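If you're wondering where the values come from, they're calculated on a predicted model, not measured in any experiment. Convention: sequence-line order gives letters A, B, ...; per-chain numbering from 1. Below, each value reflects all heavy atoms present in this structure, side chains not excepted, and no hydrogens, waters or symmetry copies.
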Amino acid sequence: MQKEFLKKQTTSFQSKVYKVVSKIPKGKILTYKKVASLAGSPRAWRAVGNVLNKNRNPKIPCHRVIRSDGTIGGYNRGIKNKIALLKKEGVFIKT
DNA sequence: CGTATGACGTGCA
DNA sequence: GTGCACGCCATAC
């Protein structure tokens, strides 16, 4: 299935990320790639991480966003915190 | 405008 | 199986 998602808009792509991430249900997680894809730029997962890293909104469960490998990656609030949160939600993380 | 950075991903040795 | 390097997009300076 080849979809022409060549419509990358250099708008506050950050807002889209926030929206997508904030839509993540409890006990569920998304990968940076998935978030970027849902944000409209499946190739901007890099920017996703960047934006989230700088972001610090309590409404953004950034801890629910992990890498494609299943690893945490990082967390501005403390990797440990992220792991604990995900574990509490029932998400298994790769040590 | 150009350069540098970043919570990444994939490929190759 | 592990490690290294490159590529990608967006943002900040």
Side-chain angles (χ1 to χ4, degrees):
Chain A
M1 30 161 97
Q2 265 107 21
K3 258 169 176 202
E4 256 88 69
F5 34 83
L6 214 85
K7 47 180 30 205
K8 63 166 186 150
Q9 280 184 316
T10 153
T11 57
S12 282
F13 150 95
Q14 170 193 37
S15 297
K16 283 184 183 179
V17 179
Y18 288 148
K19 214 174 174 162
V20 176
V21 177
S22 66
K23 265 166 161 135
I24 303 176
K26 188 181 91 166
K28 190 92 175 198
I29 52 163
L30 285 178
T31 55
Y32 293 98
K33 248 212 294 207
K34 200 85 183 220
V35 175
S37 187
L38 294 169
S41 290
R43 308 252 173 203
W45 67 65
R46 278 265 206 172
V48 176
N50 268 29
V51 173
L52 286 171
N53 170 267
K54 280 155 141 224
N55 155 41
R56 220 194 292 153
N57 279 37
K59 283 197 164 274
I60 310 301
C62 15
H63 65 265
R64 281 193 194 139
V65 186
I66 60 164
R67 285 183 56 160
S68 312
D69 295 274
T71 39
I72 305 291
Y75 195 51
N76 338 8
R77 302 291 234 148
I79 301 293
K80 253 180 78 193
N81 209 268
K82 188 165 179 178
I83 297 169
L85 282 161
L86 291 168
K87 261 193 156 185
K88 261 177 208 246
E89 303 231 334
V91 183
F92 208 60
I93 307 296
K94 233 189 192 166
T95 53

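Regarding A:Arg64, its CZ atom lies at a distance of 17 Å from the C1' atom of B:dA7, rounded to whole Å. Atom CD1 of A:Ile93 is separated from atom C1' of B:dA7 by 13 Å (rounded to the nearest Å). For the pair A:Asn55 CG and C:dA10 P, the computed distance is 18 Å after rounding to whole Å. For A:Lys34 and B:dC8, the NZ to P distance is 19 Å, given to the nearest whole Å. The distance from atom OH of A:Tyr18 to atom P of B:dA7 is 15 Å, rounded to the nearest whole Å. Put simply, CD1 on A:Ile72 is 12 Å from P on B:dC8, counting in whole angstrom units. Between the P atom of B:dC8 and the CG atom of A:Leu30 lies a distance of 16 Å, rounded to the nearest Å. Here the C1' atom of nucleotide B:dA7 and the NZ atom of A:Lys82 are 6 Å apart, to the nearest Å.
Interatomic distance, A:Ile66 CD1 to A:Ile83 CD1, rounded to the nearest 0.5 Å: 11.0 Å. To the nearest 0.5 Å, atom CG of residue A:Leu38 and atom NZ of residue A:Lys16 are 11.0 Å apart.
Smallest separation of non-hydrogen atoms from A:Tyr32 and A:Ile72: OH-O, 3.9 Å. Considering every non-hydrogen atom in both A:Asn76 and A:Leu52, the closest pair reads ND2-O, 3.4 Å.
The phosphate of B:dG9 has OP1 or OP2 within less than 4.0 Å of a side-chain N or O from A:Ser68.
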Quick test: give all pairs of protein nitrogen or oxygen and nucleotides 11-13 of chain C nitrogen or oxygen below 3.5 Å, distance rounded to 0.1 Å.
| residue | atom | partner | partner atom | Å |
| --- | --- | --- | --- | --- |
| C:dT11 | OP1 | A:Thr11 | O | 3.4 |
| C:dA12 | O5' | A:Lys54 | NZ | 3.4 |
| C:dA12 | O4' | A:Lys54 | NZ | 3.4 |

Grab the N/O contacts between the protein and nucleotides 4-8 of chain C below 3.5 Å, and write none if there aren't any.
| residue | atom | partner | partner atom | Å |
| --- | --- | --- | --- | --- |
| C:dG7 | O6 | A:Arg46 | NH2 | 2.4 |
| C:dG7 | N1 | A:Arg46 | NH2 | 2.1 |
| C:dC8 | O2 | A:Arg46 | NE | 3.0 |

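Side-chain N/O atoms of A:Tyr75 and base N/O atoms of B:dA7 include no donor-acceptor pair closer than 3.5 Å.
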Steps toward side-chain contact (heavy atoms from CB on, under 4.5 Å) verdict (A:Glu89, A:His63)
CA-CA 11 Å; A:Glu89 303 231 334; A:His63 65 265; 4.2 Å; yes
Evaluate the side-chain contact (heavy atoms from CB on, under 4.5 Å) criterion for residues A:Gln14 and A:Lys54: first the C-alpha distance (whole Å), next the side-chain angles of each, then the deciding distance (0.1 Å), finally the verdict.
CA-CA 10 Å; A:Gln14 170 193 37; A:Lys54 280 155 141 224; over 6 Å; no
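In the hydrophobic clustering of this structure, A:Tyr75 does not group with A:Val48; members are Ile, Leu, Val, Met, Phe, Trp, Tyr whose side-chain heavy atoms approach within less than 4.5 Å, directly or through other members.
A:Lys33 comes within 4.0 angstrom of sugar-phosphate atoms only, judged by non-hydrogen atoms across all strands, and of no base.
None of A:Ile60, A:Val17, A:Val21 except one satisfies the side chain to side chain contact (heavy atoms under 4.5 Å, CB included) rule with A:Val65; the exception is A:Val21.
Looking at A:Thr31 and A:Trp45, their side chains never come closer than 4.5 Å, going by heavy atoms from C-beta outward.
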